[in-house]
Amino acid sequence: MPELPEVEVTRRSFADAIHGATVLALRLGKPLRWPLGCAVDHLVGRRAGLAQRRGKYLWLPVGEEGLLLHLGMSGSLAFGRDLGPAGPHDHFELQTDRGLLRLHDPRRFGAVVWSTGLDAPPVSTLLAGLGLEPFDARFTGTYLHERLRGRRVAIKQALLVGDIVVGAGNIYACEALFLAGIHPASPAGRISRPRAERLAGSIRQVLAQALEAGGTTLRDFKDAHGVAGSFQMQAQVYGREGQDCRHCGTAIRRLVQGQRSTFFCPRCQTRS
DNA sequence: AAGTGGACCTGCTAGC
DNA sequence: TGCTAGCAGGTCCACT
């Protein structure tokens with residue numbers, strides 16, 4: 001579910017509200033991807049800071065320490081004073097004096113991990129190796145071209161790894177490649193300089209548009225106030241197999257790369 | 001070292 | 001109506 005736009009939309013929807021709140025209690029449901037790493041009452045009495053995002057991770061400072069959150073495939077956060085009783089898929093709750101922060105995650109690929117800081121393990125380990133933020137000024141066509149050099153994997157898969165640039169998951173990688181006119185199976189290392197330049201711009205453009213649209217809600221994504229995204233309405237290729245390309249009318253095709261579906265227009269997207 | 005496939009877990013939908 | 005197979009927004013790990 002949550003790629004960079006959804007995570008950022010989520011962050012913006014609760015960051016101000018929880019900033020400065022005092023932690024009253026913490027409750028855990030079923031196990032998530034990793035154990036919390038501290039006692040459930042460890043953070044009680046400390047104040048939440050301003051939530052930050054790195055890639056698809058969120059970092060919520062609490063006192064001098066903090067919590068790293070990941071929404072996995074099916075996670076979403078809710079924040080409010082009256083969220084009702086916890087359901088069977090609500091696996092993390094942070095009660096504060098300004099409201100309850102709740103992680104809802106049916107598939108439990110998400111995580112909440114305590115750490116003494118962003119630069120301390122285990123968080124530093126999880127974040128090590130992440131590529132540039134797409135809106136970082138250092139993320140240029142030259143950088144992208146340089147980092148793709150020598151890689152034989154398909155460009156679509158190279159983007160998903162996230163060690164070059166973070167934030168584009170399955171939906172936005174497909175959409176960015178469409179915008180750039182690049183076939184998803186093109187070998188990453190054979191992308192020309194000009195095409196890398198275009199792709200870098202397309203990645204930023206797609207993520208910015210999705211952010212503007214409040215993210216993509218395919219099934220159940222909601223921000224912390226329960227608002228759904230609408231980028232799915234403007235998707236050019238994702239989930240549109242068999243439908244007409246909005247640009248040239250050719251039927252959108254689906255292929256499987258690394259056990260994930262890729263959608264593309266066989267006419268608009270070329271290998272060179 | 002880079003590339004591949006499996007693993008984690010639950011729910012929904014299409015098809016028989 | 002009921003069962004089953006296949007699919008889903010992510011990422012880590014073991015193996016070649």
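- For dC9(B) and dC3(C), the P atoms lie 24 Å apart once the distance is rounded to whole Å.
- To the nearest angstrom, P of dG10(C) lies 10 Å from CG of Leu218(A).
- Between Arg151(A) and Lys30(A), the residue whose closest nucleotide on DNA chain B is further toward the 5' end is Arg151(A).
- The environment of Arg27(A) atom CZ is dense: over 12 non-hydrogen atoms of other residues, nucleotides or ligands sit within 6.0 angstrom.
- In this structure, His70(A) places its NE2 atom 11 Å from C1' of dC12(C), rounding to the nearest Å.
- Closest to the side chain of Arg219(A), out of dG3(B), dG10(C), dC12(B), is dC12(B).
- No engagement by Phe231(A) is indicated, since no non-hydrogen atom pair under 4.0 Å with the nucleic acid exists.
- Along DNA chain B, the nucleotide nearest to Gly150(A) and the one nearest to Gln259(A) differ in position, and the one closer to the 5' end is contacted by Gly150(A).
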Problem - Pairing annotation in dot-bracket form, given for DNA chain C with Watson-Crick or G-U pairs under 3.5 Å and | for cross-strand partners - result: .|||||||.|||||||
Taking distance alone, no hydrogens or angles, what donor-acceptor pairs closer than 3.5 Å link side-chain atoms of residues 116-130 of chain A to residues at least two apart or in another chain?
unit_1    : atom_1 : unit_2    : atom_2 : d
Ser124(A) : OG     : Ala120(A) : O      : 3.3

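- At a threshold of 4.0 angstrom between heavy atoms, the contacts of Arg33(A) include nucleobase atoms, whether or not backbone atoms are also involved.
- When rounded to the nearest whole Å, the span between CG of Leu126(A) and P of dT11(C) equals 11 Å.
- At whole-Å resolution of the value, CD in Glu241(A) and P in dG6(C) are 16 Å apart.
- Closest to the side chain of Ser261(A), from the set dG10(C), dA8(C), dG3(B), is dA8(C).
- A salt bridge is defined here as a Lys NZ or Arg NE, NH1 or NH2 lying under 4.0 Å from an Asp or Glu carboxylate O, and Glu65(A) with Arg46(A) meets this definition.
- Heavy atoms of other residues, nucleotides or ligands lying less than 6.0 angstrom from CZ of Arg193(A) number more than 12.
- Between Arg147(A) atom CZ and dA1(B) atom C1' the separation is 14 Å, expressed in whole Å.
- Atom P of dG6(B) sits at a distance of 14 Å from the matching atom of dG6(C), rounded to the whole Å.
- Atom pair Arg260(A):CZ and dG6(C):P shows a separation of 18 Å (rounding to whole Å applied).
- Distance CG (Asp105(A)) to P (dC9(B)): 12 Å, rounded to an integer number of Å.
- Across dG11(B) and dT1(C), the matching P atoms stand 22 Å from one another, rounded to whole Å.
- Considering only side-chain N and O atoms, His89(A) lies under 4.0 angstrom from the phosphate OP1 or OP2 of dG11(B).
- Residues Arg53(A) and Trp59(A) have side chains not in contact (no heavy-atom distance under 4.5 Å, counting atoms from C-beta outward).
- Ion pair Arg138(A)/Glu133(A) not flagged as a salt bridge, since none of the NZ, NE, NH1 or NH2 atoms sits closer than 4.0 Å to an Asp/Glu carboxylate oxygen.
- Both Leu32(A) and Leu94(A) are members of a single hydrophobic cluster when ILVMFWY side chains are connected at heavy-atom separations under 4.5 Å.
- Not a single donor-acceptor contact under 3.5 angstrom links the side-chain atoms of Gln157(A) to the base of dG3(B).
- Between His89(A) and His104(A), the angle of the ring planes goes over 60°, which puts this pair in the perpendicular group of the 30/60° scheme.
- Using a 4.0 Å cut-off between a side-chain N of Lys or Arg and a carboxylate O of Asp or Glu, Arg47(A) and Asp97(A) do not qualify as a salt bridge.
- DNA chain C lies under 4.0 Å from at least one heavy atom of each of the following residues of residues 106-115 of chain A: Arg107(A), Phe109(A).
- More than 12 heavy atoms of other shown residues, nucleotides or ligands fall within 6.0 angstrom of atom CZ in Arg204(A).
- Atoms CZ (Arg149(A)) and P (dA1(B)) sit 18 Å apart, rounded to a whole Å.
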